[in-house]
Amino acid sequence: MVSVIIPAYNEHENIRRTASVIGGILSDAHIAYELVFVDDGSKDDTWSEICEANAADENVRGVRFSRNFGKEGAIFAGLSAAAGDCAVLIDCDLQHPPELIPKMYSMWESGAEVVEAVKSSRGRESLLYKLFAKSFYKMMKSSSGIDLDGASDFKLLDRKVVDALNEMPERMTFFRALSSWVGFHTERIEFDVKPRAAGSTKWSFRKLFRYALNNITSFTNLPIHLITLVGVIFGIFALILGIHTLVNYFCGNAAEGFSTVILLILIVGACVLVGIGVIGFYLSKIYEEIKHRPRYIVSERIGIERPSGKADGK
Ligand code: UDP
Ligand code: MG
């Protein structure tokens with residue numbers, strides 16, 4: 001059986017269409033399935049739509065969060081609720097073509113443990129957004145070696161991979177990179193991003209920016225090493241300028257003017273503050289992690305037993 005995990009936040013227009021489209025495709029392909037909708041604290045009728053979809057098709061299941069915890073939390077809640085031999089992650093807005101699922105499934109049957117769907121085109125996105133995404137992926141690749149260009153959350157994962165991800169202890173997760181970090185036999189398949197079926201994007205620029213910062217810092221310590229590098233460069237400058245000043249002093253020349261002093265104070269001050277800021281950012285992340293709060297809190301379930309043993313979101 002394949003578990004299809006569908007995070008949904010304020011997607012009431014999409015739930016039933018998505019459920020019937022994906023359900024239809026999988027039953028036509030004679031693949032046993034369950035659809036796990038994760039309602040990420042929606043403020044609209046998403047949950048009642050999920051309950052109705054469950055009444056119409058018993059393969060539809062649902063998990064409801066107590067508030068909005070973000071897509072990452074929703075993905076991990078879906079992974080821990082999934083009962084299938086493999087799991088597919090897909091967006092609720094049908095931007096990820098569900099027609100690909102049977103193909104991904106057959107790749108899985110012939111031995112792939114992770115099937116990544118990569119974007120061959122990025123769909124309709126603004127130039128700024130594309131630029132932002134490109135530089136984020138470049139930074140991730142050069143600093144952590146994980147190539148995310150074209151990566152999406154549309155993936156098929158074998159049971160082993162799902163279990164490995166469920167074992168991850170960290171609270172601040174970045175699913176896209178973690179699923180490649182765990183390794184396993186990975187195959188790729190291309191797809192074109194389609195326009196949203198209904199509704200609008202749930203990501204604001206601020207939310208995306210914070211998401212990018214969090215993900216960079218959870219996969220690389222490069223920013224901290226950069227501080228050291230800047231320190232070394234300044235040290236070399238200091239040496240040259242120091243010798244210059246001393247030579248001037250012993251030759252009886254007057255020291256350089258105030259402009260040099262002012263510039264030095266400003267530049268060094270800015271570097272020190274940025275450095276402290278970067279360290280502070282990592283520190284706050286460590287603080288978040290050691291609080292050991294759950295990734296999400298479930299308020300209701302439909303069609304799913306409460307997982308025994310492990311607490312939710314831990
Ligand atoms: N989503 C979520 N929680 C959030 C934001 C988004 O579960 O806080 C879900 C959303 O319902 C959708 C998927 O994540 O199924 C992708 O979101 P969206 O389509 O808004 O992102 P985009 O495709 O514009 O990148
Ligand atoms: Mg979308």
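Both counts, for ligands and for their atoms, begin at 1 and track the order of listing.
The shortest N or O to N or O distance between Ala74 and ligand 1 is not under 3.5 Å.
Those atoms of ligand 1 with a heavy atom of Gly70 less than 4.0 angstrom away are 3 (N), 8 (O). Close approach of ligand 1 to Cys92 is summarised as follows: ligand atoms under 4.0 Å from at least one heavy atom of the residue are 15 (O). Near Asp40, the atoms of ligand 1 lying under 4.0 angstrom from a non-hydrogen atom of the residue are 2 (C), 3 (N), 4 (C), 7 (O), 8 (O).
Annotation: cation-pi pair Arg67/Phe69 present, NZ/CZ under 6.0 Å from the ring centroid and within 45° of its normal.
Checked against a 6.0 Å centroid threshold, the rings of Phe191 and Phe154 count as neighbours.
His96 places no side-chain N or O within donor-acceptor distance of the main-chain N or O of Ile90, the cut-off being under 3.5 Å.
For the Mg ion (ligand 2), the N/O/S atoms of Asp93 include one lying under 2.8 Å.
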Worked verdict on Ile15 versus Cys92 for side chain to side chain contact (heavy atoms under 4.5 Å, CB included): CA-CA 7 Å; Ile15 300 288; Cys92 194; 3.9 Å; yes
Steps toward side chain to side chain contact (heavy atoms under 4.5 Å, CB included) verdict (Val114, Asp158): CA-CA 6 Å; Val114 177; Asp158 184 75; over 6 Å; no
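Distances from atom 12 (C) of ligand 1 to the heavy atoms of His96, Lys71, Glu11 show the closest one on Glu11.
The residue Asn10 has no part lying near ligand 1, judged by heavy-atom distances below 4.0 Å.
Heavy-atom minimum distance, Glu34 versus Gly84: OE2-N, 3.8 Å.
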